[in-house]
Amino acid sequence: MEYKFAEIEPKWQRYWEENKTFKTVDDYSKPKYYILDMFPYPSGAGLHVGHPEGYTATDILSRYKRMKGFNVLHPMGYDAFGLPAEQYAIQTGTHPAITTQKNCDNFRRQIKAIGLSYDWDREINTTDPKYFKWTQWIFKKLYDTYFDEEQQKGRPISELVIPEAVKVQGEEAVKTYISEKRLAYYDNAQVWWCDSCKTVCANEEVLTDGSHEKCGHQVVRKNLKQWLLRIPHYGERLLSGLEGVDWPEGVKDMQRNWIGKSTGAEVDFRIDGLDKNLRVYTTRPDTLFGATYMVIAPEHALVNEITTDEQRSSVEAYIKAAALKSDLDRTDLAKEKTGVFTGRYAVNPVNKELIPIWVADYVLMGYGTGAIMAVPAHDTRDFEFAKEFNIPVICILDPKNAENRDEVLAGDACWTEDGEYIRSASAETGLDINGLNKTAGIDKTVAWLEENGLGKATVNFKLRDWLFSRQRYWGEPFPVIHWEDGEVTLVEDENLPLQLPELEEYKPSESGESPLANAGDWLTVTDKNGRKGRRETNTMPQWAGSCWYYLRYIDPNNEDSIFDGKKEQYWMPVDLYVGGAEHAVLHLLYSRFWHKVLFDLGVVSTDEPFQKLFNQGMILAFAYETSTGAKVASDLVEEKDGKYFHTETGEELRQIVAKMSKSLKNVVNPDDVIERYGADSLRLYEMFMGPLDERKPWAENGVKGVFNFLARAYRFFANTENIVEGEEDKEVAKLLHQTIKKVAFDIENLKFNTGIAALMMFNNLAIKKGKVTKATARTFAKILSPYAPHMGEELWSMYGDTETLAYEPWPEVDESLLQEATYEYPVSFNGKTRFKIELPVDMPKEEIEKTVLADERCAKWMEGKTVRKFIFVPKKIINIAIG
RNA sequence: GCCCGGGUGGCGGAAUUGGUAGACGCGCUGGAUUCAAAAUCCAGUUCUGGCAACGGAGUGCGGGUUCGAUUCCCGCCCCGGGUACCA
């Protein structure tokens, strides 16, 4: 009964494929369950063992849900646009479509070898024109949608009401008004440019150190005409939508953080000597009495006007220096605050005092109004700045019981917490908040500002417009034509998809334009009136295709519409979405944004796309390095007494745990694992390593462990001599039902590691007993099958069944078998367990107490002590407090 | 700095949420089988004292609540992820 996985596994994979075992039909009579994996980018390197972690988890759940009677949608596809294929094309001239095709084929082969139960008839590929036709279609929808603030809802642009004041200004003004409302717009934007990738990238793709997350090169600022999406309009909705979904709190927090909602007020300060106001945004209008200076960003539109002639040269020098600094220098490394006085003063609206206006780069033009009122006593940044330039610090909030109260009151320390206002009243303006606390102070000040027309309550978001175009070839072309007269039109629906042209050269043009700028015939269009136009040469970012792919799986071959509405209503939302935490913000926020727009337009039926989200932890691997730090491939390492040596040089090596990467020579390929141990062992180990959401290192020995389990189980359960007729042994029957219960519970709670442990325990008992009934063996095959489907099917067929067990009902738990007449109670004294005693579960407390205290083993621990309290918790513990 | 996670045997990790700490697996030790090895099977394996019976200590550190704390509370330390002058 040798466990010949290399024969068993391909056999069943062929069976599933030929019988389309996992084809999903739209059977609306069954309850549905939509289980989604984050689809991969098909890189040339193929899968590593990190990919199948999430895939295996969702596969186990899918198989389990099918057995529980659910109609399961479990699809797979490829996020196949992207730079690597294009870079390869530049180097070799191979069309990216060919490279992509090859990589997808390899991914599919690898995935199929793991025995995952996807419905392959629903496979999608973002680079397929039949797919990106609808990506382009959604873009058009975004272009033709505006956000109605009042209804908090996206609406067709045709429903936009043009104010009379705009109408009277003429047609151009109306056009501008409309274009300023569209969710997608084309405009000059200051963007990040990566000179290595020859493309712009979104703010989010730039790391904190100023490097491009894709390639690691430093990015620079550029001004370019680009497509942008007004995602901040959905800030409030994206925030509130998080309340109703079952996502890890950490991911929700990260999204909230990214959206960065803050409430405060805009306040107008009169500029002394100019007939102008300086508007600031502050979250602390209550601290207006403590404002001792103002700051405007170097890029602020009023800098020139505000600066006095005496100060002009130093201000200009400062602005120039600030412009030269990279954002990196301006933010991260700039510990010391810099700035320069403009020579001008502003009038504090609450007390009419004059305060100086400075220019400093710690104020960013992109947030709020690009100008602030500075309250050094109650804001740490302002405090640092004030100390640097000897600006007065006026404490207006008494911290009362704080340790450093005296320092704070004297202006020698900064206080950002609550307290009681002092020095916060002005007879001249009539505002008085002395004695109030923070919330009351804010409310009263805002009300006062609004009454006097000096400001108003305002909400601000950190979230910025989403830069949505790239200067690349291998992406979705925008269905957009720029006409010679300046008009911009979209390609009609019937002419979608707008396909990519064939090119000789994939290099970006010298001007920094996309390679599409070289696509002669494709590029220029002429309308029926002879007007000439040029197609948009930018393409969409990789996010575009992944923003909505989960919707296309529902109806992947529909040529007439994006999907059938009935099908969408049945399948949505996604019940469980599993993928890496690296997509916590970008992909998931973008997807939610598009989904909400589609929801507002009535295209989809749910407000949120993903009901439950789960992040699998990263799989790490051991790596080995010499004393000089040179990396050594794992197969050149041998272990002796807990130390590691180079097999060839004998040099002692250091073991480290790290992300799998080529440079560390520690990438583990699933193909190799399958060859040595089989797909079922790979699946089992992926799950047995530890909790799904934690990071954990891959260890070959662990694979051996689960392989041993499968081989042991096979040797026992495939041996007909061990499978008997008749009544099952009590102990076996009981553990079997405990195991059914435990395995089901663990699958539903995504605790796969402990479910496997339960299966192992049952296997150990069966082997110890030497025989089980056929009914038991069949049940074991069923509950093992979500984890190890090949072996499950193999055993199932051995027991005489000719159909797949994929749709066999999950075994019922016989609770009566789990009832126990007695329980072995641990008896502890003052919390320390001393001995065990078996007692009937229905014995009343009084009798238990009598029996236990009468036990001779008690005497030793109670010698010379008295029982203070006798604690009895049924089916848990007995604890005797003595003293 | 701030916001999330997480610290349990030699290792990966259990403990169904306040009730027998260390399930299951790896590794290791001893034994069986074998001419021998691999494979397989059996037994042991938190540390510590003891031949043993049997004790003592123990879930990052220090306090606290409780009959009882890996679990709850307070104060720290370390590791990982996110974010960073957002007014």
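First the proteins, then the strands, lettered A, B, ... as listed; each starts at 1.
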Taking [M] as the reference, what is the distance to [N] when you measure between their [atom1] atoms (whole Å, please)?
{"N": "U59(B)", "M": "G7(B)", "atom1": "C1'", "answer": "9 Å"}
{"N": "G63(B)", "M": "A43(B)", "atom1": "P", "answer": "43 Å"}
{"N": "C79(B)", "M": "A69(B)", "atom1": "P", "answer": "30 Å"}
{"N": "C54(B)", "M": "C4(B)", "atom1": "P", "answer": "49 Å"}
{"N": "G50(B)", "M": "G56(B)", "atom1": "C1'", "answer": "12 Å"}
{"N": "G10(B)", "M": "C47(B)", "atom1": "P", "answer": "7 Å"}
{"N": "A23(B)", "M": "C77(B)", "atom1": "C1'", "answer": "30 Å"}
{"N": "G80(B)", "M": "C26(B)", "atom1": "C1'", "answer": "24 Å"}

Taking it one step at a time, do Y825(A) and F872(A) satisfy ring-ring contact (aromatic ring centres under 6.0 Å, His included)?
CA-CA 10 Å; Y825(A) 284 96; F872(A) 165 67; 5.6 Å; yes

U83(B), G27(B), C3(B): which one has an atom nearest the side-chain heavy atoms of W258(A)?
U83(B)

Identify which nucleotide among C3(B), G27(B), C67(B) has an atom closest to any side-chain atom of D253(A), counting heavy atoms from C-beta outward.
C3(B)

How are the rings of [X] and [Y] set to each other: parallel, tilted or perpendicular (split at 30° and 60°)?
{"X": "F829(A)", "Y": "F835(A)", "value": "tilted"}
{"X": "F707(A)", "Y": "Y3(A)", "value": "tilted"}
{"X": "Y281(A)", "Y": "Y367(A)", "value": "perpendicular"}

Please check: side-chain N/O of T822(A) versus main-chain N/O of E838(A), any donor-acceptor pairing under 3.5 Å?
no

Is the base of G82(B) syn or anti, if syn means a glycosidic angle within 90° of 0?
anti

Base of C26(B) paired with side chain of K704(A) (donor-acceptor, under 3.5 Å):
no

Salt-bridge present (E700(A), R676(A); N to O < 4.0 Å)
yes

Is any side-chain N of the basic residue among E384(A) and K387(A) closer than 4.0 Å to the acidic one's carboxylate O?
no

May I have the step-by-step check of salt bridge (charged side-chain N to carboxylate O under 4.0 Å, His left out) for K337(A) and E388(A), ending in yes or no?
CA-CA 7 Å; K337(A) 297 232 175 336; E388(A) 187 74 34; over 6 Å; no

Between [atom2] of [N] and [atom1] of [X], the distance in whole Å:
{"X": "F870(A)", "N": "G68(B)", "atom1": "CZ", "atom2": "P", "result": "16 Å"}
{"X": "N257(A)", "N": "C85(B)", "atom1": "CG", "atom2": "C1'", "result": "15 Å"}
{"X": "L588(A)", "N": "G82(B)", "atom1": "CG", "atom2": "P", "result": "15 Å"}
{"X": "E384(A)", "N": "G1(B)", "atom1": "CD", "atom2": "C1'", "result": "10 Å"}
{"X": "R279(A)", "N": "A87(B)", "atom1": "CZ", "atom2": "C1'", "result": "16 Å"}
{"X": "H583(A)", "N": "G82(B)", "atom1": "NE2", "atom2": "P", "result": "13 Å"}
{"X": "Y3(A)", "N": "A39(B)", "atom1": "OH", "atom2": "P", "result": "18 Å"}
{"X": "E249(A)", "N": "G5(B)", "atom1": "CD", "atom2": "C1'", "result": "12 Å"}

[Y] and [X], any side-chain heavy atoms less than 4.5 Å apart:
{"X": "P248(A)", "Y": "F614(A)", "result": "no"}
{"X": "R256(A)", "Y": "L239(A)", "result": "yes"}
{"X": "P874(A)", "Y": "V841(A)", "result": "no"}
{"X": "I372(A)", "Y": "D382(A)", "result": "yes"}

Structure string for RNA chain B in dot-bracket form, Watson-Crick and G-U at under 3.5 Å, | interchain:
(((((((..(((......[....)))((((((.......))))))((((....))))..(((((..]....))))))))))))....

Does Y367(A) have a side-chain nitrogen or oxygen under 4.0 Å from the phosphate oxygens OP1 or OP2 of A87(B)?
yes

Report the residues that fulfil salt bridge (Lys or Arg N to Asp or Glu O under 4.0 Å) with [X], sequence neighbours left out, ordered by chain and then residue number.
{"X": "E266(A)", "value": "R279(A), K456(A)"}
{"X": "E236(A)", "value": "K261(A)"}
{"X": "E417(A)", "value": "none"}

Counting primed atoms plus P, OP1 and OP2 as sugar-phosphate and everything else as base, spell out the protein contacts along nucleotides 11-24 of chain B at 4.0 Å heavy-atom distance: B, S or - for each nucleotide, 5' to 3'.
-BSSS---BBS-BB

Tabulated below should be each protein N or O lying under 3.5 Å from an N or O of nucleotides 40-42 of chain B; please produce it.
unit_1: U40(B); atom_1: OP1; unit_2: N708(A); atom_2: OD1; d: 3.3
unit_1: C41(B); atom_1: OP1; unit_2: R712(A); atom_2: NH1; d: 2.7

F385(A)-Y293(A) aromatic ring centre distance below 6.0 Å:
yes

Sort me out a list of protein N/O and nucleotides 54-56 of chain B N/O pairs below 3.5 Å, or just none if empty.
unit_1: C54(B); atom_1: O3'; unit_2: K860(A); atom_2: NZ; d: 3.0
unit_1: G55(B); atom_1: OP1; unit_2: K860(A); atom_2: NZ; d: 2.2
unit_1: G56(B); atom_1: OP2; unit_2: R834(A); atom_2: NH1; d: 3.1

Just the atom pairs and distances: protein N or O near nucleotides 60-62 of chain B's N or O, under 3.5 Å.
none

With sequence neighbours left out, the residues meeting ring pair (Phe, Tyr, Trp, His ring centres under 6.0 Å) with Y64(A) are W810(A)

Pairs meeting criterion side chain to side chain donor-acceptor pair (under 3.5 Å) with involvement of residues 282-291 of chain A, two or more places apart:
R284(A)-D286(A), D286(A)-Y421(A)

Over-ring placement of R592(A) relative to W247(A), 6.0 Å and 45° cut-offs:
yes

Counting only pairs under 3.5 Å, give me each side-chain donor-acceptor contact of residues 759-771 of chain A, with atom names and distances, residues two or more places apart or in other chains.
unit_1: N764(A); atom_1: OD1; unit_2: R712(A); atom_2: NH2; d: 2.8
unit_1: N764(A); atom_1: ND2; unit_2: M760(A); atom_2: O; d: 3.4
unit_1: K769(A); atom_1: NZ; unit_2: E731(A); atom_2: OE1; d: 2.9

Hey, what are the protein-to-nucleotides 73-79 of chain B N/O distances that come in under 3.5 Å?
none

